[in-house]
Asks: 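This structure is in structure tokens; I'll ask about it shortly.
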Protein chains: 2
Amino acid sequence: MSEHPLFEQLRLRQQELFDLSAIGGLLGWDRSTYLPPGGAPARARQGALMARLHHQRATDPELGRLLDALERELPHFDPDGLEARLLRLARREYDRATRVPESFVAELSAHSSATYAAWAQTRPGGDFGPMIPLLERTLELSRRYAAFFPEFEHPMDVFVDASEEGMTVARVREVFGRLRDGLVPLVQAVTARPEPRTDFLYRHYPQAAQLAFGEAVIRAYGYDFTRGRQDLTHHPFCTRFSIGDVRITTRVREDDLTECLFSTLHESGHAMYEQGVDRSLEGLPLARGTSSGVHESQSRLWENVVGRSAPFWQHYFPALQATFPEQLADVSWEEMYRAVNVVRRSLIRTDADELTYNLHIILRFELEVAMHEGRLEVKDLAAAWHERYTADLGVRAPDDRDGVLQDVHWYSGMIGGAFHSYALGNIMSLQFWEAARGALPDLEGQVGQGEFAALHGWLREKVYRHGKMRSTSELLVAATGQDLNPEPYLNYLRSKYGELYGLTEPVGSGAH
Amino acid sequence: MSEHPLFEQLRLRQQELFDLSAIGGLLGWDRSTYLPPGGAPARARQGALMARLHHQRATDPELGRLLDALERELPHFDPDGLEARLLRLARREYDRATRVPESFVAELSAHSSATYAAWAQTRPGGDFGPMIPLLERTLELSRRYAAFFPEFEHPMDVFVDASEEGMTVARVREVFGRLRDGLVPLVQAVTARPEPRTDFLYRHYPQAAQLAFGEAVIRAYGYDFTRGRQDLTHHPFCTRFSIGDVRITTRVREDDLTECLFSTLHESGHAMYEQGVDRSLEGLPLARGTSSGVHESQSRLWENVVGRSAPFWQHYFPALQATFPEQLADVSWEEMYRAVNVVRRSLIRTDADELTYNLHIILRFELEVAMHEGRLEVKDLAAAWHERYTADLGVRAPDDRDGVLQDVHWYSGMIGGAFHSYALGNIMSLQFWEAARGALPDLEGQVGQGEFAALHGWLREKVYRHGKMRSTSELLVAATGQDLNPEPYLNYLRSKYGELYGLTEPVGSGAH
């Protein structure tokens with residue numbers, strides 16, 4: 001890099017953007033963890049200042065000229081090398097930041113604030129009606145936004161591409177269609193069977209012991225506490241200020257053993273990804289997970305594929321029982337394993353289990369697409385929501401509160417691309433897991449011994465270290481031999497839940 | 001303010017500078033409290049970025065033109081009003097930031113880093129010799145810095161004025177001379193008497209209980225935990241991000257009962273000052289303590305004048321004894337009161353007691369002045385140090401480690417103005433206390449009941465709320481009826497320590 005003075009300029013500018021964003025991140029982390037209530041107004045002002053400074057630098061015409069100059073030299077660079085990748089990413093972010101006029105950003109921001117306030121007031125009443133005109137305007141603004149990026153084919157592609165570069169609505173629909181076709185009958189079969197006992201999950205589990213147990217597990221996973229820490233927040237999250245400082249948060253319910261543990265496992269997956277990026281990328285925008293979907297694949301892999309597996313519980317249950325001897329005196333490891341994998345048809349996405357969660361996502365994505373394509377009007381959205389829940393999950397919310405008013409996403413930003421990455425992450429988590437299993441002999445046996453070094457090392461080698469040097473598709477192909485494919489995930493679910501619920505014949509497996 | 005559009009511009013620019021500085025402060029707070037070790041390199045980079053952004057805005061020629069324009073209108077404004085005070089402060093800070101060329105700042109910064117590194121390496125060996133050429137250069141740079149501000153009379157005035165606007169070397173010397181003349185014989189008389197027992201201070205006191213006790217005291221003092229918090233750091237400090245968010249830190253030694261408690265009391269004094277600034281000043285550079293000396297007067301008032309007083313311990317000892325019943329079973333409140341006021345001739349400033357502390361400060365100040373006036377050469381500094389310690393405190397360090405190499409200050413910045421505010425604060429703490437005692441009937445009685453609301457209210461009214469709207473001198477005169485005067489402090493020390501150590505006749509009180 002240092003050979004080319006223009007690249008050195010680009011590197012410094014990109015590092016400054018990275019740092020401005022990280023500093024804004026620290027303001028946010030502190031707000032969620034330790035900010036005393038009296039500090040909130042000034043913190044909002046200071047957060048807005050950092051966002052303004054970042055925007056100024058991100059849209060600096062000098063940066064545009066620098067990118068133009070470097071692009072003229074691009075053909076001389078290795079297309080897979082740091083220079084070319086950094087330039088491509090910088091261009092993408094510069095265009096995203098500059099193509100949208102400031103007046104539009106202001107209009108959208110004012111509308112979002114008003115819509116969010118109205119949603120917060122309307123939701124408890126359970127009637128979507130008052131939100132219709134606001135959401136119609138949101139849809140119109142989302143379409144206007146998309147029009148700033150005419151190079152995309154589908155009107156919602158720009159939103160999908162924002163979190164999953166190179167992904168399209170067409171591709172996601174096709175994959176989600178296969179996933180849904182496999183899931184719906186599987187959920188039907190599983191929920192027709194008796195539910196396992198879960199009573200013991202809701203006994204009293206003191207906070208400090210819960211936290212210590214979760215931290216012991218993620219230390220074994222490979223989360224590096226010398227380059228991170230865990231604190232308490234209302235909503236768990238992972239945030240990174242550098243490769244050497246990737247923090248996670250969790251929350252604890254003393255009457256629910258699963259809340260803290262699985263939040264911790266989930267966020268540690270995000271964090272190990274960020275901690276594992278190659279040091280040579282430090283301070284550059286390349287030093288982060290390549291897409292939201294791949295990020296989610298890592299959190300889900302450690303939370304679900306490992307953390308809700310039978311070998312995991314065979315190994316960890318004795319330690320958990322030693323931590324809570326009275327609460328778990330009458331429980332076996334198999335009962336714990338079954339309890340943390342209980343499947344229930346439910347209305348609330350964020351409470352959903354591993355199996356049904358994807359159906360919550362898929363139907364939201366399809367409703368977004370239908371709106372963008374003009375096949376669904378906002379005024380009919382509430383009814384369409386109920387219809388899809390009935391068809392896919394066999395439940396219907398009594399009103400719109402836990403129906404179309406459930407998630408904040410559509411009421412606090414634009415419509416499009418808010419949800420799909422979660423399910424793509426689940427799908428990819430199994431592609432990576434299966435590839436690791438092929439490469440590492442006796443991976444389940446290692447999990448059953450509480451040994452995660454080989455798995456962590458494989459993921460670091462194949463996924464983490466590359467940061468944004470490889471696209472989602474490049475990562476998948478290089479690591480697993482194929483691009484996005486829902487079959488490994490469906491097979492995993494069929495096998496795991498078939499066994500857990502004693503299904504005597506494979507469900508839906510012949511459909512493809 | 002909003003009536004004049006240029007003032008609105010100034011207000012916004014000053015608020016931005018305030019916020020940039022506060023954000024830098026949060027980076028520093030986090031570094032001292034929760035930063036994982038791996039995060040240090042990026043944090044240093046991000047802190048430097050915030051400092052650079054602050055410097056850019058603080059020296060923006062546009063700001064200079066705005067100040068020029070407003071100054072032309074200054075005669076139309078109330079000289080004690082917000083506009084005039086803000087303009088004066090903004091001008092002062094703009095001049096301080098712009099008069100010194102960037103090349104000088106860079107030269108000083110490089111020299112400071114080299115000197116600090118050399119000091120850290122040299123100090124353990126105890127020989128000042130290798131530091132002489134470096135410190136000679138520091139003195140030369142300090143003189144060059146002073147030359148950028150030719151309006152000051154004495155070559156060290158610019159440094160004194162930096163922390164104590166309007167204060168001069170001449171004035172400080174005069175006041176310190178009187179203080180020293182009173183202190184030296186008093187210290188001699190006190191240390192000739194038997195030492196009280198202190199053995200029980202060094203028993204085992206668990207951390208959590210120490211922290212809780214200190215926090216209960218400062219909550220009673222009036223520190224507002226909804227607008228602040230206390231965390232653990234290696235060096236205790238107070239930092240504010242807004243009037244609504246003023247945080248303190250402390251440290252705990254489980255084998256020393258005084259460390260945590262008095263740090264907490266001290267920092268709470270700084271913090272209540274910042275929390276008590278009038279809300280109308282929020283986000284402006286006027287929203288902070290008016291000078292380092294006044295700041296220190298508030299920390300010392302709550303730490304020493306209140307926290308080491310007999311009525312305080314009459315009230316709080318039973319609670320402390322209830323917290324540590326075994327450790328304090330054989331101790332009376334009077335013994336505790338005597339133990340926390342033990343006087344010892346010592347070599348180390350930061351470990352010094354209330355009485356001898358000032359002598360450590362005064363001799364450093366006088367050595368600084370002598371160097372700036374050319375009466376003392378750097379090569380003779382170590383000898384001069386030993387001479388002064390022998391004369392003032394009756395102790396002599398075995399080598400330079402705990403002699404002239406003791407404090408980091410001269411080895412990490414310029415020479416001049418690093419120490420005097422501490423002793424000025426002690427002096428002023430008694431001026432404020434005596435004025436409060438005159439205004440509030442039975443103030444000692446209230447302290448003896450653990451009642452601090454009237455004192456806190458008086459300080460808020462007379463000191464805190466004004467922020468930098470009043471200078472040190474204006475504050476003192478308005479609150480106490482006179483400018484800086486060491487007599488109340490000397491009288492307090494003579495009376496308190498005369499009684500504690502059973503001195504039969506007043507020491508040195510007739511000297512003035």
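Every chain is numbered from 1, with letters handed out A, B, ... down the list of sequences.
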Asks: Among A:Asp231, A:Asp224, A:Leu35, single out the residue with the greatest number of heavy-atom pairs under 4.5 Å to chain B.
Replies: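 When all of A:Asp231, A:Asp224, A:Leu35 are compared, A:Leu35 has the most.
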Asks: Taking atom NE2 as the centre, does A:His234 end up with more than 12 heavy-atom neighbours from other residues, nucleotides or ligands that are less than 6.0 angstrom away?
Replies: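 Result for NE2/A:His234: open.
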Asks: So which atom in A:Pro36 and which in B:Gly244 form the shortest heavy-atom distance, rounded to 0.1 Å?
Replies: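 Minimum heavy-atom separation between A:Pro36 and B:Gly244: CG-O, 4.4 Å.
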Asks: Heavy-atom distance under 4.5 Å to chain A: side chain of B:Phe18, backbone, both or neither?
Replies: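 The side chain, not the backbone.
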Asks: Side-chain contact test, heavy atoms from C-beta onward, threshold under 4.5 Å: evaluate it for B:Leu26 versus A:Asp30 and give yes or no.
Replies: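 Yes, close enough: below the 4.5 Å cut-off.
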Asks: Apply salt bridge (Lys or Arg N to Asp or Glu O under 4.0 Å) to residues A:Glu282 and B:Arg45 and explain how you reach the verdict.
Replies: CA-CA 12 Å; A:Glu282 165 62 21; B:Arg45 200 179 67 215; 3.1 Å; yes
Asks: Rounded to the nearest 0.5 Å, what separation is found between the OH atom of B:Tyr34 and the OG1 atom of A:Thr33?
Replies: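 Those atoms lie 8.0 Å apart.
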Asks: What part of A:Arg43 is in contact with chain B, defined as an atom under 4.5 angstrom from a non-hydrogen atom: side chain, backbone, both or neither?
Replies: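 Side chain of A:Arg43 only, per the 4.5 Å heavy-atom cut-off to chain B.
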Asks: Against chain B, label A:Leu49 side chain, backbone, both or neither, depending on which of its atoms sit under 4.5 Å from a heavy atom there.
Replies: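 Looking at A:Leu49, just its side chain touches chain B.
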Asks: Taking A:Asp245 first and then B:Arg31, would you say they form a salt bridge - that is, a charged N and a carboxylate O separated by under 4.0 Å?
Replies: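 No, no charged N to carboxylate O under 4.0 Å.
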Asks: By a 4.5 Å heavy-atom criterion (distance strictly below it), what part of B:Gln15 contacts chain A: side chain, backbone, both, or neither?
Replies: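 When you check distances to chain A, only side chain atoms of B:Gln15 fall under 4.5 Å.
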Asks: Counting only non-hydrogen atoms closer than 4.5 Å, does B:Arg240 touch chain A with its backbone (N, CA, C, O), its side chain (CB onward), both, or neither?
Replies: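 B:Arg240 has no heavy atom closer than 4.5 Å to chain A.
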Asks: If you count heavy-atom pairs within less than 4.5 Å of chain B, which of A:Val246, A:Leu27, A:Thr226 leads?
Replies: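 Sorted descending by pairs with chain B, the first entry is A:Thr226.
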Asks: Give the member of A:Ser242, A:Pro41, A:Ala42, A:Pro37 that has the highest number of heavy-atom pairs under 4.5 Å with chain B.
Replies: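 If we count pairs closer than 4.5 Å to chain B, A:Pro37 comes out on top.
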Asks: Near B:Gln56 CD, under 6.0 Å, is it more than 12 heavy atoms from other residues, nucleotides or ligands?
Replies: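 Atom CD in B:Gln56 is packed in, count exceeds 12.
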Asks: Considering only heavy atoms, which portion of B:Leu53 lies under 4.5 Å from any heavy atom of chain A: side chain, backbone, both, or neither?
Replies: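 Just its side chain gets close to chain A.
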Asks: By number, which residues in residues 259-274 of chain A have some heavy atom less than 4.5 Å away from chain B?
Replies: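 So far as heavy atoms go, nothing in residues 259-274 of chain A approaches chain B to under 4.5 Å.
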Asks: With chain B, which of A:Met50, A:Gln275, A:Arg227, A:Gln46 has the greatest number of heavy-atom pairs at distances under 4.5 Å?
Replies: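 That would be A:Gln46.
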